[in-house]
Number of protein chains: 2
Amino acid sequence: MLTDALLLDRTPTVPGCAPARCQACKARGNSLCAAMGDGEISALHAIGRRRSLPAGQVFNWAGDQNNHCATVVEGMLKVTASTEDGREQIVGLLFPGDFVGELFEEDATLTVSTLCDTDLCTYPRAAFERTLEDHPRMERMLLRRTLAALGDARSRMLALGRRNAKERIAGFLLDLVERTGQPAGNGGVRIAIPISRGEMADYLGLTIETVSRQLSQLKASGILAFAKGDRGCTVLGEERLRAILNPA
Amino acid sequence: MLTDALLLDRTPTVPGCAPARCQACKARGNSLCAAMGDGEISALHAIGRRRSLPAGQVFNWAGDQNNHCATVVEGMLKVTASTEDGREQIVGLLFPGDFVGELFEEDATLTVSTLCDTDLCTYPRAAFERTLEDHPRMERMLLRRTLAALGDARSRMLALGRRNAKERIAGFLLDLVERTGQPAGNGGVRIAIPISRGEMADYLGLTIETVSRQLSQLKASGILAFAKGDRGCTVLGEERLRAILNPA
DNA sequence: CGGATCCTTGAATAGTTTCAACAACAGTGG
DNA sequence: CCACTGTTGTTGAAACTATTCAAGGATCCG
(Lines give C-alpha, C1' and ligand atoms only; values in the text may rest on other atoms or scores of the structure.)
Protein backbone atom coordinates (compact mmCIF):
# COMPACT_ATOMS: atom_id res chain seq x y z
CA MET A 1 0.00 0.00 0.00
CA LEU A 2 1.20 3.41 -0.89
CA THR A 3 -0.85 5.73 1.21
CA ASP A 4 -1.42 6.50 4.83
CA ALA A 5 -4.81 7.91 3.98
CA LEU A 6 -7.70 6.21 5.66
CA LEU A 7 -11.32 6.93 5.04
CA LEU A 8 -13.51 6.18 7.96
CA ASP A 9 -15.99 7.48 10.44
CA ARG A 10 -17.13 10.55 8.57
CA THR A 11 -19.05 12.44 11.18
CA PRO A 12 -21.95 14.29 9.64
CA THR A 13 -21.45 18.00 9.88
CA VAL A 14 -23.92 20.72 10.57
CA PRO A 15 -23.40 23.54 8.10
CA GLY A 16 -23.24 26.98 9.53
CA CYS A 17 -21.36 26.37 12.76
CA ALA A 18 -17.84 25.43 11.59
CA PRO A 19 -15.48 28.31 10.77
CA ALA A 20 -15.67 29.28 7.13
CA ARG A 21 -12.11 28.19 6.43
CA CYS A 22 -12.80 24.71 7.75
CA GLN A 23 -16.16 24.46 5.99
CA ALA A 24 -14.52 25.10 2.67
CA CYS A 25 -11.49 22.90 3.40
CA LYS A 26 -10.90 20.26 0.75
CA ALA A 27 -9.28 17.94 3.24
CA ARG A 28 -12.01 18.15 5.84
CA GLY A 29 -13.71 14.94 4.82
CA ASN A 30 -10.76 12.63 5.29
CA SER A 31 -8.49 14.40 7.74
CA LEU A 32 -8.42 14.23 11.50
CA CYS A 33 -10.94 17.05 11.45
CA ALA A 34 -13.51 14.60 10.11
CA ALA A 35 -13.73 13.26 13.63
CA MET A 36 -14.76 16.62 15.02
CA GLY A 37 -18.21 18.14 15.04
CA ASP A 38 -18.59 21.72 13.97
CA GLY A 39 -18.46 22.83 17.57
CA GLU A 40 -15.33 20.87 18.36
CA ILE A 41 -13.54 21.89 15.25
CA SER A 42 -13.18 25.47 16.34
CA ALA A 43 -10.68 24.25 18.94
CA LEU A 44 -8.43 23.12 16.11
CA HIS A 45 -9.29 26.11 14.01
CA ALA A 46 -8.15 28.37 16.81
CA ILE A 47 -4.61 27.00 16.76
CA GLY A 48 -4.36 26.23 13.05
CA ARG A 49 -2.89 28.45 10.35
CA ARG A 50 -2.97 27.98 6.63
CA ARG A 51 0.38 27.84 4.91
CA SER A 52 1.27 27.39 1.26
CA LEU A 53 4.61 25.94 0.25
CA PRO A 54 5.99 25.78 -3.27
CA ALA A 55 7.34 22.51 -4.69
CA GLY A 56 10.67 21.35 -3.31
CA GLN A 57 10.43 23.28 -0.07
CA VAL A 58 11.32 21.81 3.30
CA PHE A 59 8.59 21.91 5.94
CA ASN A 60 10.84 20.63 8.70
CA TRP A 61 14.46 19.48 8.78
CA ALA A 62 15.65 16.41 10.66
CA GLY A 63 17.57 17.63 13.68
CA ASP A 64 15.66 20.88 14.01
CA GLN A 65 13.35 21.63 16.88
CA ASN A 66 10.07 19.87 16.34
CA ASN A 67 7.65 22.75 16.89
CA HIS A 68 5.01 22.24 14.24
CA CYS A 69 2.72 19.63 12.86
CA ALA A 70 0.06 19.92 10.19
CA THR A 71 -2.66 18.43 8.06
CA VAL A 72 -2.17 18.23 4.30
CA VAL A 73 -4.92 20.23 2.61
CA GLU A 74 -3.71 19.94 -0.95
CA GLY A 75 -0.54 18.68 -2.60
CA MET A 76 2.00 16.04 -1.64
CA LEU A 77 4.96 15.70 0.67
CA LYS A 78 7.74 13.21 1.26
CA VAL A 79 9.17 12.13 4.59
CA THR A 80 12.85 11.25 4.33
CA ALA A 81 15.41 9.68 6.63
CA SER A 82 19.08 10.00 5.84
CA THR A 83 22.45 8.62 6.84
CA GLU A 84 25.15 10.98 8.03
CA ASP A 85 26.94 10.75 4.72
CA GLY A 86 23.87 11.83 2.83
CA ARG A 87 22.18 8.72 1.51
CA GLU A 88 18.43 9.26 1.55
CA GLN A 89 15.45 7.00 2.00
CA ILE A 90 11.88 8.17 1.57
CA VAL A 91 10.05 6.56 4.49
CA GLY A 92 6.63 7.97 3.74
CA LEU A 93 4.51 9.91 1.29
CA LEU A 94 1.77 12.24 2.45
CA PHE A 95 -1.44 13.10 0.61
CA PRO A 96 -4.39 15.42 1.31
CA GLY A 97 -5.94 14.64 4.67
CA ASP A 98 -2.78 13.01 6.02
CA PHE A 99 -1.21 14.13 9.25
CA VAL A 100 2.27 15.65 9.11
CA GLY A 101 4.76 15.55 11.95
CA GLU A 102 6.30 13.55 14.76
CA LEU A 103 4.30 13.94 17.95
CA PHE A 104 5.79 13.83 21.44
CA GLU A 105 9.33 14.39 20.17
CA GLU A 106 11.41 17.42 21.07
CA ASP A 107 13.56 17.20 17.98
CA ALA A 108 12.62 16.06 14.54
CA THR A 109 14.40 12.95 13.27
CA LEU A 110 12.94 13.13 9.78
CA THR A 111 12.88 15.74 7.05
CA VAL A 112 9.52 16.61 5.52
CA SER A 113 9.41 18.42 2.20
CA THR A 114 6.96 19.16 -0.57
CA LEU A 115 6.88 17.27 -3.85
CA CYS A 116 4.67 19.87 -5.50
CA ASP A 117 2.97 23.10 -4.50
CA THR A 118 1.26 22.24 -1.26
CA ASP A 119 -1.25 23.76 1.17
CA LEU A 120 -1.07 22.83 4.80
CA CYS A 121 -3.06 23.59 7.91
CA THR A 122 -0.29 23.88 10.51
CA TYR A 123 -0.50 23.72 14.29
CA PRO A 124 2.02 24.41 17.02
CA ARG A 125 2.90 20.93 18.21
CA ALA A 126 2.35 21.60 21.92
CA ALA A 127 -1.05 23.15 21.35
CA PHE A 128 -2.00 20.30 19.04
CA GLU A 129 -1.04 17.71 21.64
CA ARG A 130 -3.17 19.51 24.22
CA THR A 131 -6.12 19.61 21.85
CA LEU A 132 -5.68 15.92 21.26
CA GLU A 133 -6.07 15.25 24.97
CA ASP A 134 -9.37 17.07 25.05
CA HIS A 135 -10.81 15.28 22.03
CA PRO A 136 -10.72 11.51 22.32
CA ARG A 137 -12.46 11.06 18.97
CA MET A 138 -9.67 12.92 17.28
CA GLU A 139 -7.13 10.89 19.16
CA ARG A 140 -8.85 7.71 18.05
CA MET A 141 -8.72 8.86 14.46
CA LEU A 142 -5.03 9.61 14.81
CA LEU A 143 -4.45 6.20 16.34
CA ARG A 144 -6.10 4.53 13.37
CA ARG A 145 -4.05 6.54 10.95
CA THR A 146 -0.88 5.78 12.81
CA LEU A 147 -1.69 2.08 12.80
CA ALA A 148 -2.32 2.27 9.07
CA ALA A 149 0.99 4.07 8.56
CA LEU A 150 2.71 1.38 10.58
CA GLY A 151 1.18 -1.33 8.43
CA ASP A 152 2.36 0.54 5.40
CA ALA A 153 5.87 0.89 6.80
CA ARG A 154 5.99 -2.81 7.49
CA SER A 155 4.98 -3.81 4.01
CA ARG A 156 7.68 -1.50 2.70
CA MET A 157 10.22 -3.15 4.99
CA LEU A 158 9.42 -6.42 3.26
CA ALA A 159 9.96 -4.77 -0.11
CA LEU A 160 13.23 -3.11 0.90
CA GLY A 161 14.59 -6.17 2.66
CA ARG A 162 13.47 -8.99 0.42
CA ARG A 163 12.41 -7.85 -3.03
CA ASN A 164 14.69 -7.29 -6.01
CA ALA A 165 14.63 -4.20 -8.20
CA LYS A 166 12.06 -5.50 -10.69
CA GLU A 167 9.70 -6.60 -7.93
CA ARG A 168 9.98 -3.25 -6.16
CA ILE A 169 9.15 -1.36 -9.33
CA ALA A 170 6.23 -3.67 -10.07
CA GLY A 171 4.86 -3.23 -6.57
CA PHE A 172 5.21 0.52 -6.78
CA LEU A 173 3.40 0.69 -10.11
CA LEU A 174 0.61 -1.53 -8.83
CA ASP A 175 0.19 0.77 -5.84
CA LEU A 176 -0.16 3.66 -8.24
CA VAL A 177 -2.73 1.74 -10.27
CA GLU A 178 -4.75 1.31 -7.11
CA ARG A 179 -4.41 4.93 -6.10
CA THR A 180 -4.53 6.89 -9.35
CA GLY A 181 -5.44 4.35 -12.03
CA GLN A 182 -7.89 5.44 -14.74
CA PRO A 183 -9.09 3.17 -17.55
CA ALA A 184 -7.26 4.00 -20.77
CA GLY A 185 -8.74 3.56 -24.22
CA ASN A 186 -6.69 0.54 -25.26
CA GLY A 187 -7.68 -1.62 -22.31
CA GLY A 188 -4.71 -0.44 -20.28
CA VAL A 189 -4.71 1.63 -17.14
CA ARG A 190 -3.42 5.16 -17.09
CA ILE A 191 -1.49 6.13 -13.97
CA ALA A 192 0.21 9.31 -12.79
CA ILE A 193 3.76 9.01 -11.53
CA PRO A 194 3.83 11.96 -9.20
CA ILE A 195 7.57 11.93 -8.52
CA SER A 196 10.86 12.07 -10.37
CA ARG A 197 13.09 9.06 -11.11
CA GLY A 198 15.38 10.20 -8.33
CA GLU A 199 12.53 10.24 -5.86
CA MET A 200 11.34 6.85 -7.02
CA ALA A 201 14.84 5.60 -6.35
CA ASP A 202 14.85 7.14 -2.88
CA TYR A 203 11.48 5.58 -2.22
CA LEU A 204 12.42 2.12 -3.44
CA GLY A 205 15.91 1.93 -2.03
CA LEU A 206 17.52 1.82 -5.50
CA THR A 207 19.59 4.14 -7.68
CA ILE A 208 18.22 6.39 -10.40
CA GLU A 209 19.91 4.29 -13.05
CA THR A 210 18.40 1.04 -11.83
CA VAL A 211 14.92 2.58 -11.77
CA SER A 212 15.38 3.89 -15.28
CA ARG A 213 16.67 0.57 -16.58
CA GLN A 214 13.85 -1.42 -15.03
CA LEU A 215 11.23 0.92 -16.44
CA SER A 216 12.86 0.68 -19.86
CA GLN A 217 12.73 -3.11 -19.66
CA LEU A 218 9.05 -3.07 -18.74
CA LYS A 219 8.45 -0.78 -21.68
CA ALA A 220 10.43 -3.02 -24.01
CA SER A 221 8.43 -6.06 -22.91
CA GLY A 222 5.17 -4.26 -23.59
CA ILE A 223 3.95 -4.18 -20.01
CA LEU A 224 4.28 -0.42 -19.80
CA ALA A 225 3.94 2.45 -22.26
CA PHE A 226 5.31 5.91 -21.67
CA ALA A 227 6.78 8.78 -23.64
CA LYS A 228 9.89 10.74 -22.81
CA GLY A 229 9.30 13.56 -20.42
CA ASP A 230 5.95 12.14 -19.43
CA ARG A 231 5.26 12.00 -15.71
CA GLY A 232 2.88 9.15 -16.06
CA CYS A 233 2.43 5.99 -18.05
CA THR A 234 -0.07 3.39 -19.20
CA VAL A 235 -0.01 -0.05 -17.69
CA LEU A 236 -0.81 -2.55 -20.42
CA GLY A 237 -0.06 -5.71 -18.50
CA GLU A 238 -1.36 -5.38 -14.98
CA GLU A 239 -1.50 -9.15 -14.62
CA ARG A 240 2.09 -9.50 -15.72
CA LEU A 241 3.08 -6.88 -13.17
CA ARG A 242 1.36 -8.94 -10.49
CA ALA A 243 3.23 -12.00 -11.71
CA ILE A 244 6.50 -10.11 -11.32
CA LEU A 245 5.60 -8.96 -7.83
CA ASN A 246 4.61 -12.44 -6.72
CA PRO A 247 6.73 -14.98 -8.56
CA ALA A 248 5.85 -18.64 -8.18
CA MET B 1 6.99 -31.20 17.57
CA LEU B 2 5.57 -30.93 21.05
CA THR B 3 1.85 -30.70 21.52
CA ASP B 4 0.54 -27.21 22.09
CA ALA B 5 1.22 -26.40 25.73
CA LEU B 6 -1.44 -23.90 26.46
CA LEU B 7 -2.04 -22.81 29.99
CA LEU B 8 -5.01 -20.71 30.92
CA ASP B 9 -5.28 -18.75 34.12
CA ARG B 10 -8.92 -18.24 34.98
CA THR B 11 -8.49 -16.14 38.09
CA PRO B 12 -11.85 -14.51 38.80
CA THR B 13 -12.16 -10.75 38.68
CA VAL B 14 -12.13 -8.84 41.94
CA PRO B 15 -13.90 -5.54 41.43
CA GLY B 16 -12.56 -2.42 43.09
CA CYS B 17 -8.89 -3.26 43.45
CA ALA B 18 -6.28 -4.67 41.11
CA PRO B 19 -6.71 -8.39 40.62
CA ALA B 20 -3.97 -10.48 42.14
CA ARG B 21 -2.76 -11.62 38.73
CA CYS B 22 -2.35 -8.05 37.57
CA GLN B 23 -0.74 -6.93 40.81
CA ALA B 24 1.93 -9.56 40.45
CA CYS B 25 2.35 -9.03 36.69
CA LYS B 26 5.95 -8.38 35.68
CA ALA B 27 4.87 -6.31 32.70
CA ARG B 28 2.45 -4.09 34.57
CA GLY B 29 4.88 -1.20 34.93
CA ASN B 30 5.63 -0.69 31.27
CA SER B 31 2.63 -2.08 29.47
CA LEU B 32 -0.62 -0.43 28.48
CA CYS B 33 -1.91 -1.45 31.90
CA ALA B 34 0.42 1.11 33.44
CA ALA B 35 -2.05 3.74 32.26
CA MET B 36 -4.86 2.17 34.23
CA GLY B 37 -5.68 2.64 37.90
CA ASP B 38 -6.44 -0.37 40.03
CA GLY B 39 -10.14 0.13 39.45
CA GLU B 40 -9.84 0.55 35.70
CA ILE B 41 -7.58 -2.37 35.26
CA SER B 42 -10.24 -4.87 36.15
CA ALA B 43 -11.92 -4.01 32.86
CA LEU B 44 -8.89 -5.40 31.06
CA HIS B 45 -8.47 -8.20 33.54
CA ALA B 46 -12.03 -9.30 32.85
CA ILE B 47 -11.30 -9.96 29.19
CA GLY B 48 -7.67 -11.07 29.54
CA ARG B 49 -6.38 -14.62 29.75
CA ARG B 50 -2.87 -15.70 30.55
CA ARG B 51 -1.26 -17.91 27.98
CA SER B 52 2.18 -19.50 27.86
CA LEU B 53 3.77 -20.41 24.56
CA PRO B 54 6.97 -22.41 24.10
CA ALA B 55 9.76 -21.12 21.88
CA GLY B 56 9.10 -21.24 18.15
CA GLN B 57 5.33 -21.28 18.41
CA VAL B 58 3.09 -19.16 16.22
CA PHE B 59 0.69 -16.85 18.05
CA ASN B 60 -1.08 -15.78 14.87
CA TRP B 61 -0.58 -16.58 11.20
CA ALA B 62 -0.77 -14.01 8.44
CA GLY B 63 -4.00 -14.60 6.54
CA ASP B 64 -5.83 -16.08 9.51
CA GLN B 65 -8.72 -14.36 11.19
CA ASN B 66 -7.43 -11.64 13.46
CA ASN B 67 -9.30 -12.49 16.64
CA HIS B 68 -6.75 -11.93 19.36
CA CYS B 69 -4.30 -9.39 20.61
CA ALA B 70 -2.12 -9.44 23.70
CA THR B 71 0.44 -7.87 25.96
CA VAL B 72 3.84 -9.51 26.33
CA VAL B 73 4.36 -10.44 29.97
CA GLU B 74 7.64 -12.26 29.61
CA GLY B 75 9.70 -13.51 26.70
CA MET B 76 10.11 -12.28 23.14
CA LEU B 77 8.26 -12.48 19.84
CA LYS B 78 8.96 -11.67 16.23
CA VAL B 79 6.55 -10.13 13.73
CA THR B 80 7.24 -11.32 10.19
CA ALA B 81 5.99 -10.39 6.75
CA SER B 82 6.58 -12.71 3.85
CA THR B 83 6.41 -12.82 0.08
CA GLU B 84 4.26 -15.45 -1.60
CA ASP B 85 7.29 -17.51 -2.48
CA GLY B 86 8.42 -17.67 1.13
CA ARG B 87 11.04 -14.99 1.62
CA GLU B 88 10.71 -13.61 5.13
CA GLN B 89 11.35 -10.23 6.68
CA ILE B 90 11.13 -9.62 10.40
CA VAL B 91 9.31 -6.30 10.66
CA GLY B 92 9.27 -6.03 14.42
CA LEU B 93 10.48 -7.55 17.67
CA LEU B 94 8.34 -7.56 20.79
CA PHE B 95 9.53 -7.44 24.39
CA PRO B 96 7.79 -7.52 27.77
CA GLY B 97 5.21 -4.75 28.01
CA ASP B 98 4.81 -4.48 24.25
CA PHE B 99 1.45 -4.75 22.60
CA VAL B 100 0.87 -7.67 20.21
CA GLY B 101 -1.54 -7.61 17.32
CA GLU B 102 -3.06 -5.62 14.48
CA LEU B 103 -6.08 -3.64 15.65
CA PHE B 104 -9.07 -2.82 13.49
CA GLU B 105 -8.19 -5.46 10.90
CA GLU B 106 -10.43 -8.42 10.15
CA ASP B 107 -7.59 -10.58 8.89
CA ALA B 108 -4.02 -10.68 10.04
CA THR B 109 -1.42 -9.66 7.47
CA LEU B 110 1.55 -10.56 9.63
CA THR B 111 2.71 -13.67 11.42
CA VAL B 112 3.59 -13.37 15.09
CA SER B 113 5.66 -16.10 16.73
CA THR B 114 7.71 -16.64 19.85
CA LEU B 115 11.51 -16.51 19.89
CA CYS B 116 11.71 -18.14 23.30
CA ASP B 117 9.28 -19.40 25.92
CA THR B 118 6.84 -16.56 26.31
CA ASP B 119 3.98 -15.52 28.58
CA LEU B 120 1.22 -13.37 27.17
CA CYS B 121 -1.88 -11.72 28.49
CA THR B 122 -4.28 -12.20 25.59
CA TYR B 123 -7.53 -10.42 24.81
CA PRO B 124 -10.25 -11.02 22.25
CA ARG B 125 -9.63 -8.25 19.74
CA ALA B 126 -13.22 -6.98 19.63
CA ALA B 127 -13.46 -6.79 23.40
CA PHE B 128 -10.09 -5.08 23.58
CA GLU B 129 -11.15 -2.46 21.06
CA ARG B 130 -14.27 -1.78 23.07
CA THR B 131 -12.27 -1.43 26.25
CA LEU B 132 -9.98 0.98 24.46
CA GLU B 133 -12.93 3.24 23.66
CA ASP B 134 -13.89 3.43 27.30
CA HIS B 135 -10.40 4.24 28.51
CA PRO B 136 -8.82 7.25 26.80
CA ARG B 137 -5.69 7.04 28.93
CA MET B 138 -5.07 3.56 27.66
CA GLU B 139 -5.75 4.70 24.13
CA ARG B 140 -3.25 7.52 24.58
CA MET B 141 -0.64 5.06 25.78
CA LEU B 142 -1.28 2.86 22.77
CA LEU B 143 -0.99 5.86 20.46
CA ARG B 144 2.40 6.69 21.92
CA ARG B 145 3.58 3.14 21.52
CA THR B 146 2.32 3.00 17.98
CA LEU B 147 4.10 6.24 17.15
CA ALA B 148 7.26 4.81 18.64
CA ALA B 149 6.88 1.64 16.60
CA LEU B 150 6.40 3.76 13.49
CA GLY B 151 9.58 5.71 14.22
CA ASP B 152 11.37 2.44 14.67
CA ALA B 153 10.00 1.07 11.42
CA ARG B 154 11.16 4.17 9.59
CA SER B 155 14.68 3.98 10.88
CA ARG B 156 14.74 0.34 9.80
CA MET B 157 13.54 1.37 6.35
CA LEU B 158 16.61 3.54 6.09
CA ALA B 159 18.79 0.61 7.09
CA LEU B 160 17.13 -1.82 4.67
CA GLY B 161 17.06 0.64 1.80
CA ARG B 162 20.38 2.40 2.14
CA ARG B 163 22.85 0.60 4.36
CA ASN B 164 25.22 -2.18 3.34
CA ALA B 165 25.65 -5.45 5.21
CA LYS B 166 28.43 -4.24 7.53
CA GLU B 167 26.51 -1.12 8.48
CA ARG B 168 23.34 -3.08 9.20
CA ILE B 169 25.22 -5.48 11.46
CA ALA B 170 26.94 -2.60 13.26
CA GLY B 171 23.63 -0.83 13.79
CA PHE B 172 22.02 -3.99 15.08
CA LEU B 173 24.82 -4.64 17.54
CA LEU B 174 24.71 -1.04 18.78
CA ASP B 175 20.97 -1.38 19.34
CA LEU B 176 21.67 -4.44 21.44
CA VAL B 177 24.34 -2.56 23.41
CA GLU B 178 21.74 0.04 24.24
CA ARG B 179 19.09 -2.50 25.11
CA THR B 180 20.97 -5.28 26.86
CA GLY B 181 24.53 -4.02 27.29
CA GLN B 182 26.35 -4.86 30.54
CA PRO B 183 29.90 -3.71 31.35
CA ALA B 184 32.37 -6.56 30.86
CA GLY B 185 35.57 -6.97 32.84
CA ASN B 186 37.96 -6.03 30.05
CA GLY B 187 36.42 -2.67 29.29
CA GLY B 188 34.11 -4.14 26.70
CA VAL B 189 30.36 -4.43 26.78
CA ARG B 190 28.64 -7.76 27.08
CA ILE B 191 25.48 -8.12 25.03
CA ALA B 192 22.95 -10.89 24.56
CA ILE B 193 22.07 -11.81 21.00
CA PRO B 194 18.62 -13.17 21.60
CA ILE B 195 18.10 -14.65 18.16
CA SER B 196 19.70 -17.12 15.76
CA ARG B 197 21.81 -16.18 12.75
CA GLY B 198 18.88 -16.97 10.53
CA GLU B 199 16.64 -14.62 12.47
CA MET B 200 19.29 -11.90 12.39
CA ALA B 201 19.33 -12.33 8.62
CA ASP B 202 15.55 -12.09 8.42
CA TYR B 203 15.67 -8.99 10.57
CA LEU B 204 18.41 -7.27 8.60
CA GLY B 205 17.32 -8.24 5.12
CA LEU B 206 20.44 -10.36 4.50
CA THR B 207 21.28 -14.05 4.16
CA ILE B 208 22.54 -16.25 6.96
CA GLU B 209 25.91 -16.54 5.24
CA THR B 210 26.39 -12.80 4.95
CA VAL B 211 25.55 -12.30 8.61
CA SER B 212 27.99 -15.02 9.61
CA ARG B 213 30.76 -13.58 7.42
CA GLN B 214 30.29 -10.05 8.70
CA LEU B 215 30.37 -11.19 12.31
CA SER B 216 33.51 -13.23 11.61
CA GLN B 217 35.15 -10.15 10.11
CA LEU B 218 34.26 -8.04 13.13
CA LYS B 219 35.72 -10.75 15.31
CA ALA B 220 38.88 -10.91 13.21
CA SER B 221 39.37 -7.17 13.47
CA GLY B 222 39.02 -7.30 17.24
CA ILE B 223 35.83 -5.28 17.46
CA LEU B 224 33.85 -8.26 18.67
CA ALA B 225 34.60 -11.34 20.74
CA PHE B 226 32.45 -14.42 20.82
CA ALA B 227 32.82 -18.16 21.19
CA LYS B 228 31.18 -20.85 19.09
CA GLY B 229 27.71 -21.74 20.21
CA ASP B 230 27.49 -18.60 22.32
CA ARG B 231 24.28 -16.61 21.92
CA GLY B 232 25.94 -13.41 22.93
CA CYS B 233 29.19 -11.58 22.51
CA THR B 234 31.41 -8.88 23.91
CA VAL B 235 31.74 -5.60 22.08
CA LEU B 236 35.31 -4.43 22.44
CA GLY B 237 35.22 -1.54 20.00
CA GLU B 238 31.94 0.31 20.40
CA GLU B 239 33.44 3.43 18.88
CA ARG B 240 34.64 1.53 15.86
CA LEU B 241 31.15 0.10 15.45
CA ARG B 242 29.77 3.62 15.46
CA ALA B 243 32.32 4.59 12.85
CA ILE B 244 31.13 1.72 10.65
CA LEU B 245 27.50 2.71 11.06
CA ASN B 246 28.22 6.34 10.23
CA PRO B 247 31.08 6.52 7.75
CA ALA B 248 32.53 9.91 6.96
C1' DC C 1 21.32 30.29 -27.28
C1' DG C 2 23.38 28.49 -23.00
C1' DG C 3 22.96 26.29 -18.75
C1' DA C 4 20.64 23.38 -15.66
C1' DT C 5 18.07 19.41 -14.69
C1' DC C 6 16.26 15.05 -15.72
C1' DC C 7 16.51 10.78 -17.96
C1' DT C 8 18.66 7.04 -20.52
C1' DT C 9 22.18 3.83 -21.78
C1' DG C 10 26.78 1.35 -21.66
C1' DA C 11 30.79 -0.78 -19.42
C1' DA C 12 33.27 -1.98 -15.43
C1' DT C 13 33.12 -2.92 -10.60
C1' DA C 14 31.81 -4.33 -6.12
C1' DG C 15 28.89 -6.50 -2.87
C1' DT C 16 25.68 -9.99 -1.83
C1' DT C 17 23.66 -14.20 -2.89
C1' DT C 18 23.77 -18.87 -4.26
C1' DC C 19 25.61 -23.28 -4.15
C1' DA C 20 28.35 -26.50 -1.78
C1' DA C 21 30.90 -28.60 1.81
C1' DC C 22 31.95 -29.29 6.52
C1' DA C 23 32.28 -28.82 11.72
C1' DA C 24 30.02 -28.73 16.15
C1' DC C 25 26.29 -30.04 18.81
C1' DA C 26 21.81 -31.98 20.71
C1' DG C 27 18.58 -35.37 20.72
C1' DT C 28 17.03 -40.11 19.32
C1' DG C 29 17.02 -44.75 19.33
C1' DG C 30 19.37 -49.07 18.64
C1' DC D 1 27.64 -46.23 24.45
C1' DC D 2 27.59 -45.09 19.73
C1' DA D 3 25.77 -44.35 15.19
C1' DC D 4 22.20 -41.47 13.01
C1' DT D 5 19.74 -37.32 12.09
C1' DG D 6 18.59 -32.63 12.16
C1' DT D 7 19.90 -28.08 13.37
C1' DT D 8 23.02 -24.27 13.53
C1' DG D 9 26.97 -21.88 12.19
C1' DT D 10 31.18 -21.24 9.34
C1' DT D 11 33.82 -20.84 5.16
C1' DG D 12 35.02 -21.00 0.06
C1' DA D 13 34.10 -20.32 -4.88
C1' DA D 14 31.13 -19.00 -8.50
C1' DA D 15 27.30 -16.43 -10.23
C1' DC D 16 24.57 -12.60 -10.37
C1' DT D 17 22.47 -8.18 -9.31
C1' DA D 18 22.71 -3.58 -8.54
C1' DT D 19 25.93 0.15 -8.18
C1' DT D 20 29.37 3.19 -9.82
C1' DC D 21 31.45 5.77 -13.30
C1' DA D 22 30.93 7.92 -17.63
C1' DA D 23 28.77 9.91 -21.54
C1' DG D 24 25.13 11.78 -24.23
C1' DG D 25 20.22 13.16 -25.38
C1' DA D 26 16.02 15.65 -24.15
C1' DT D 27 13.56 19.31 -22.07
C1' DC D 28 12.82 23.58 -19.77
C1' DC D 29 13.72 28.32 -18.71
C1' DG D 30 16.37 32.28 -18.26
Side-chain angles (χ1 to χ4, degrees), chain A residues 54-56 78 83 85-89 115-117 159-172 192-221 224-233 244 247, chain B residues 1-2 54-56 78 83 85-89 113 115-116 159-173 193-221 224-233 244 247:
Chain A
K78 61 176 175 179
T83 61
D85 61 345
R87 285 168 284 172
E88 286 209 346
Q89 177 67 43
L115 291 168
C116 58
D117 294 354
L160 294 171
R162 292 297 178 208
R163 290 199 201 278
N164 64 27
K166 180 139 289 170
E167 290 166 352
R168 294 184 207 186
I169 296 278
F172 178 72
I193 299 181
I195 56 179
S196 69
R197 293 286 186 272
E199 282 155 346
M200 273 183 78
D202 283 348
Y203 185 80
L204 297 170
L206 302 167
T207 58
I208 294 181
E209 295 94 326
T210 301
V211 170
S212 183
R213 272 187 257 270
Q214 294 298 335
L215 287 173
S216 295
Q217 280 186 35
L218 289 176
K219 187 178 176 181
S221 59
L224 221 57
F226 59 93
K228 293 188 181 186
D230 184 10
R231 280 282 174 92
C233 65
I244 290 171
Chain B
M1 190 62 77
L2 294 172
K78 62 176 175 179
T83 61
D85 62 343
R87 286 168 281 172
E88 286 209 346
Q89 177 66 44
S113 41
L115 292 167
C116 58
L160 294 171
R162 292 298 179 207
R163 292 197 201 280
N164 64 28
K166 182 141 287 170
E167 291 166 351
R168 294 185 206 185
I169 296 279
F172 178 72
L173 292 173
I193 299 183
I195 55 179
S196 70
R197 293 285 185 271
E199 281 155 348
M200 274 182 77
D202 283 348
Y203 186 79
L204 297 169
L206 301 168
T207 57
I208 295 182
E209 295 94 326
T210 302
V211 169
S212 182
R213 273 187 256 270
Q214 293 297 336
L215 287 173
S216 294
Q217 279 186 35
L218 289 175
K219 186 178 178 180
S221 58
L224 222 57
F226 59 93
K228 293 187 181 186
D230 183 10
R231 281 280 175 94
C233 66
I244 291 172

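We use all heavy atoms of the structure for the numbers below, so side chains are in, but hydrogens, waters and symmetry mates are not. So you know, we letter chains A, B, ... as the sequences are listed, proteins then strands, and number each from 1.
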Inset, instruction - Tell me what B:Gly205 touches on the nucleic acid: a base, only sugar-phosphate, or nothing, going by heavy atoms under 4.0 Å. - result: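 The residue B:Gly205 makes sugar-phosphate contact but no base contact.
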
Legend entry - Sugar-phosphate only, base, or nothing, as touched by B:Leu206 at under 4.0 Å among non-hydrogen atoms: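 Counting heavy atoms under 4.0 Å across all strands, the contact made by B:Leu206 is with sugar-phosphate only.
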
Choosing from [options], which nucleotide comes nearest the side chain of [X]?
X: A:Phe226; options: C:dA20, C:dT8, D:dT20; answer: C:dT8
X: B:Thr210; options: C:dC7, D:dT8, C:dT16; answer: C:dT16
X: A:Lys228; options: D:dT11, D:dC21, D:dA26; answer: D:dA26

Legend entry - Base D:dG12 to side chain B:Arg213, donor-acceptor N/O within 3.5 Å cut-off: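 Such a pair exists between side chain and base.
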
Legend entry - Distance-only donor-acceptor test, A:Glu199 side-chain atoms vs C:dC6 base atoms, 3.5 Å: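 No, the side chain and the base share no sub-3.5 Å donor-acceptor pair.
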
Inset, instruction - Considering just the side-chain nitrogens and oxygens of B:Ser216, establish if one lies under 4.0 Å of OP1 or OP2 belonging to D:dT11. - result: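 B:Ser216 to D:dT11 OP1/OP2: side-chain N or O found under 4.0 Å.
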
Legend entry - Contact under 4.0 Å: A:Arg231 side-chain N or O vs C:dC7 OP1/OP2: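 For A:Arg231, the contact criterion (side-chain N or O under 4.0 Å from OP1 or OP2 of C:dC7) is met.
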
Inset, instruction - Would you jot down, in residue-number order, the residues of residues 161-170 of chain A having a non-hydrogen atom under 4.0 Å from DNA chain C? - result: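 Within this stretch, nothing sits under 4.0 Å of the strand.
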
Inset, instruction - Check the distance between D:dT10's P and B:Ile208's CD1 and give it to me in whole angstrom. - result: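 Rounded to whole Å, this separation is 10 Å.
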
Inset, instruction - Toss me the dot-bracket line for DNA chain C: Watson-Crick and G-U wobble, both under 3.5 Å, 5' to 3', using | for pairs to another strand and [ ] for crossers. - result: ||||||||||||||||||||||||||||||

Inset, instruction - Please answer whether the main-chain N or O of B:Thr83 pairs with a side-chain N or O of A:Arg162 as donor and acceptor at a distance below 3.5 Å. - result: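 Looks like no, no N/O pair under 3.5 Å.
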
